[in-house]
Amino acid sequence: MSGMRTAAAVGLASLPAMGPRRLDSLLEVWEPEEAWRRITGGDRVVGQVLDGRLGKEPAEVLSRWTTAARVLDPVEALEAHRRSGIEVLVRGEPGYPHLLLDDPEPPVALFVRGDLEVLDTRRVAIVGTRRCTRSGRLTAREIAADLAAGGVAVVSGLALGIDGAAHEGALSVDGGAAPVGVVGTGLDRVYPKRNAALWERVAVEGLLVSEVPMGSGPSPWRFPARNRIIAALSEVILVVESHTTGGALHTVEEALARDREVLIVPGSVRSPASEGTNALLHAGVGPARDAADVLTALGLAAPVVGAGEQPNSAARPEGRAASPGRGHRPGGAVDPRDQAVLDLVGGEPVNLDRLAESSGLSLGELAVSLVRLESAGCVARSGGFVERLVR
Amino acid sequence: MIATVPSATLLGVRGRPVTVEVHVSSGLPGFTIVGLPDASCREARDRVRAALLSSGLPWPLKRVTVNLAPSGLRKAGSQLDLAMAVALLVAEGRLHPEHVAHTAFVGELGLDGTIRPVTGTVPLVHALDTDAVVVPAASVAEAELIARHQVRAAGDLRGLVAALTGSAPWPDGFPPESSPASVPDPDLSDVRGQPLARLALELAAAGGHHLLMVGPPGAGKTMLARRLPGLLPDLGPDHALEATMVHSAAGVPLAGGLVRRPPFRAPHHGASTVSLTGGGSSVMRPGEISLAHRGVLFLDELGEFQASVVDALRQPLEEGVIRVSRASGTVAFPAEVLLVAAMNPCPCGLGGAPGACRCSDAARARYHRRVSGPILDRFDLRIDVAAPDVDDLLGGAPGEPSSTVRERVIEVRGRAAHRGAPCNAALRPDQLDDVAPLSAGASRLLEDSLRAGTLTGRGLHRIRRLALTLADREGHPGELTAEHVALALALRSTPVAFEPGAAA
């Protein structure tokens with residue numbers, strides 16, 4: 001009976017330290033109900049099935065599972081999810097996304113909020129570092145907005161930095177494709193807290209996906225597993241900024257293992273936040289300058305969206321188009337003196353001292369010029385640093 | 001028989017006059033001190049007795065009562081020893097009251113009758129209104145700083161009695177410790193490049209604006225901070241005396257007499273709250289913030305200080321005094337300081353530039369929680385300091401020397417004094433409209449910042465004061481221009497590391 005099967009899968013996924021690999025190994029041998037029964041009964045065969053997957057203290061893991069399973073009612077756990085508006089999809093049951101069926105590591109159970117039909121559109125993941133630059137955030141936002149406007153769903157991890165910026169961008173377009181958020185915690189445990197509002201919007205307007213049941217907080221080992229789902233759900237993976245180590249690079253590995261196309265946004269060779277992406281570029285990953293390049297990779301007609309200012313602003317309703325610092329030049333609005341300053345701000349953040357020196361302006365003149373450039377959306381300032389926003 | 005001799009005790013950094021009264025009467029031999037003496041003061045009994053006996057002076061086998069008036073005031077320390085001994089000698093008839101008339105005594109007695117110096121000579125003598133003051137020979141130079149009394153030196157008790165009775169001349173005081181060729185303040189010309197940081201230092205000195213420098217290790221934050229005292233003018237006579245009294249009360253050696261240069265104090269980040277604010281159980285000692293009175297308090301590695309320690313500075317920074325309350329009473333220490341702080345942008349030190357940090361979000365958040373919003377708000381100047389260009393370091397021309405900058409600083413401070421404030425940072429908000437009117441461009445700029453939420457109401461006043469200092473520096477009269485305001489805004493930016501979006 002399928003209700004019991006789903007409930008048992010929820011129960012199994014709720015056990016402490018139950019990761020996707022362990023869960024998968026169990027279900028290779030048994031149906032969920034059977035696995036649940038054996039764990040509740042403390043069956044030693046479970047240990048043999050999972051041989052080599054239980055870490056240093058297999059017996060301890062097993063006994064923790066048994067203890068936890070004896071006080072957990074799987075039917076009640078499943079009901080709790082449904083009461084909170086969370087749908088539970090179990091592999092082998094109807095409703096499970098067909099996208100994941102032929103995946104090398106398909107999640108056993110998926111917990112989702114929102115509209116599953118989003119997965120029927122074209123999908124691009126936009127991922128990157130949490131420690132990004134302003135221009136990185138802006139690039140992620142812009143590309144995501146243009147993709148959403150072009151009917152492409154943006155998949156990302158709802159993390160701080162690039163991930164969040166991509167979701168914001170996708171949500172900024174009225175009538176655009178809804179975004180998909182893939183998270184590493186239970187759907188009732190918003191992480192990071194700072195993105196709580198964004199998280200809720202993604203759930204309401206798009207789709208929120210997790211493979212961990214309610215109540216599971218953030219644990220470091222869950223995030224790489226989450227990254228594989230991002231890779232599995234997307235056709236193209238775009239990395240906007242990444243350091244030499246980081247989750248985004250892990251997503252890239254997972255994507256390559258699944259034969260997905262990976263694109264990166266090239267950055268200055270001096271910017272630490274672009275070290276990882278530039279390394280990928282050097283290794284042969286293709287560059288993407290804007291949404292058009294991504295659309296081309298998807299096989300969509302590029303000129304429709306994102307090729308220049310005109311289609312961009314046409315694709316979005318008036319008023320929203322003026323999200324500060326869209327990647328186009330505010331034509332003719334820049335004073336020639338300010339233009340000279342703008343020309344000195346390159347691809348990487350530059351500090352005021354350098355700018356004063358290279359422009360030959362006094363600090364006061366420079367400050368006034370930067371205020372004008374900033375209000376025109378040409379540069380962004382963070383602390384004593386200036387970043388170029390226009391291309 | 002009764003005798004009274006004036007002396008003084010220390011309360012915080014101020015001296016309080018104390019009258020030492022000695023009553024000798026027949027009765028069971030004994031020696032009692034009344035009038036709230038603390039432990040070290042009560043021990044005077046044994047020191048006085050031994051000192052008298054070893055100086056060949058008699059110790060009465062009578063009932064001796066010493067009263068320290070006003071008896072409601074707590075007395076601490078050993079500086080009353082000498083006055084007790086002299087009063088006892090008068091009460092016994094060894095000295096005629098005439099000999100000690102209009103003379104106060106300050107000093108500690110050794111068992112052999114030598115007279116030893118005590119901490120706080122300057123404030124103690126300052127509190128005395130007698131014609132003459134007798135102090136230990138080593139303290140003569142300090143006592144003479146007050147320049148209101150005839151200062152007499154005393155080497156030991158026997159010599160003092162001889163000098164008082166006129167049978168021997170007064171000994172000379174020790175010459176003032178030759179100040180060890182006071183090391184000149186490091187010069188600003190050593191700093192190459194870094195125009196923004198140089199400007200910020202000058203504005204801090206000229207306008208009394210507190211300064212926070214955020215930057216990676218090796219950017220030269222400490223080097224810059226150490227050059228700030230050199231930009232400040234010499235202390236005026238009143239301020240010099242205030243600073244000297246604090247130093248004397250804290251027992252800091254006063255090598256060059258009056259503290260004429262603004263002091264520079266740089267407590268280590270392991271400092272406790274009490275070491276910074278002052279305090280103590282029986283004797284209240286001034287803390288680092290008071291030792292930096294009229295000078296510079298430099299907190300290097302602000303992020304490594306305990307949050308509670310830094311937050312304890314909020315009230316004194318606002319009021320210029322710090323009130324330390326203990327069960328024994330409340331003491332107000334002076335604390336007019338120019339606060340300069342430096343910190344790394346984050347624990348890894350690389351977070352100065354956007355996107356460069358390698359710390360975990362939690363580590364950054366923990367680091368930044370140490371510096372509370374209210375403290376961050378106290379800094380009028382908040383700048384990111386980046387490591388100077390290699391070209392500047394090697395080939396750059398030396399920058400302006402401190403002396404040139406100091407002249408401008410003195411001029412700007414003069415303008416502030418004209419407005420009735422010690423410095424521009426101390427201008428009241430209601431004065432600002434009069435002294436710092438805004439041009440149309442300047443007010444538009446401020447309005448935009450306020451609307452954008454990058455500036456708060458409190459920050460607005462700080463920006464206006466800072467812009468005024470910028471205008472004063474250029475000798476620009478009249479309305480503040482957009483340029484002044486824009487630069488002031490740039491000099492009071494939220495450091496990259498503190499931006500909520502920086503980690504994001």
Side-chain angles (χ1 to χ4, degrees), chain A residues 128-137 159-165 192 194-195 218 220 241-246 267-268 270-275 324 348-358 361-372 374-375 380-387, chain B residues 193-200 213-215 345-346 350-361 364 382-389 391-392 396 441 445 448-449 452 454 467 470-471 474 481-491 493-504:
Chain A
T129 178
R130 285 167 300 159
R131 307 184 307 261
C132 58
T133 64
R134 284 277 187 96
S135 64
R137 274 187 77 88
L160 296 175
I162 299 293
D163 283 21
R194 217 188 286 160
N195 275 351
E241 276 186 329
S242 173
H243 294 260
T244 44
T245 57
S268 164
R270 290 167 181 280
S271 166
S274 288
E275 276 173 22
E348 70 197 286
V350 58
N351 71 33
L352 291 178
D353 284 350
R354 300 264 155 83
L355 215 47
E357 196 188 330
S358 50
L361 296 174
S362 76
L363 286 166
E365 291 163 339
L366 183 62
V368 173
S369 193
L370 287 173
V371 167
R372 280 195 296 259
E374 196 176 18
S375 60
R381 284 201 277 176
S382 26
F385 290 86
V386 184
E387 287 182 69
Chain B
Q194 300 187 308
L196 193 74
R198 293 179 69 102
L199 177 64
M213 293 181 281
V214 182
C346 58
L350 298 172
C357 170
R358 289 173 193 282
C359 305
S360 73
D361 294 342
R364 291 173 65 108
R382 298 188 301 223
I383 56 164
D384 280 299
V385 181
D389 242 12
D391 296 343
D392 280 340
L445 200 55
D448 288 347
S449 301
T454 50
L470 276 165
E474 294 166 9
T481 65
E483 205 168 289
H484 296 135
V485 170
L487 187 50
L489 285 168
L491 284 162
S493 57
T494 307
V496 181
F498 282 89
E499 281 194 352

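Every chain is numbered from 1, with letters handed out A, B, ... down the list of sequences.
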Is [X] close to chain B through its backbone or its side chain, or both, or neither, when contacts mean heavy atoms under 4.5 Å?
X	value
A:Thr245	neither
A:Glu241	neither
A:Leu363	both

Interatomic distance, A:Asn351 atom CG to B:Gln194 atom CD [nearest 0.5 angstrom]:
9.0 Å
For the atom pair CD (B:Glu474) and OG (A:Ser362), what is the distance rounded to the nearest 0.5 Å?
7.5 Å
Partners of A:Arg372 by salt bridge (Lys or Arg N to Asp or Glu O under 4.0 Å), sequence neighbours excluded?
A:Asp338
Got a sec, which residues hit salt bridge (Lys or Arg N to Asp or Glu O under 4.0 Å) with A:Arg354, two or more places apart in sequence or on another chain?
B:Asp389
Looking at B:Pro195, B:Ser493, B:Ala490, which one has more heavy-atom pairs under 4.5 Å with chain A than the rest?
B:Pro195
Under 4.5 Å heavy-atom distance to chain A, tell me which part of [X] shows up: side chain, backbone, both or neither.
X	result
B:Leu491	neither
B:Leu196	both
B:Leu489	neither

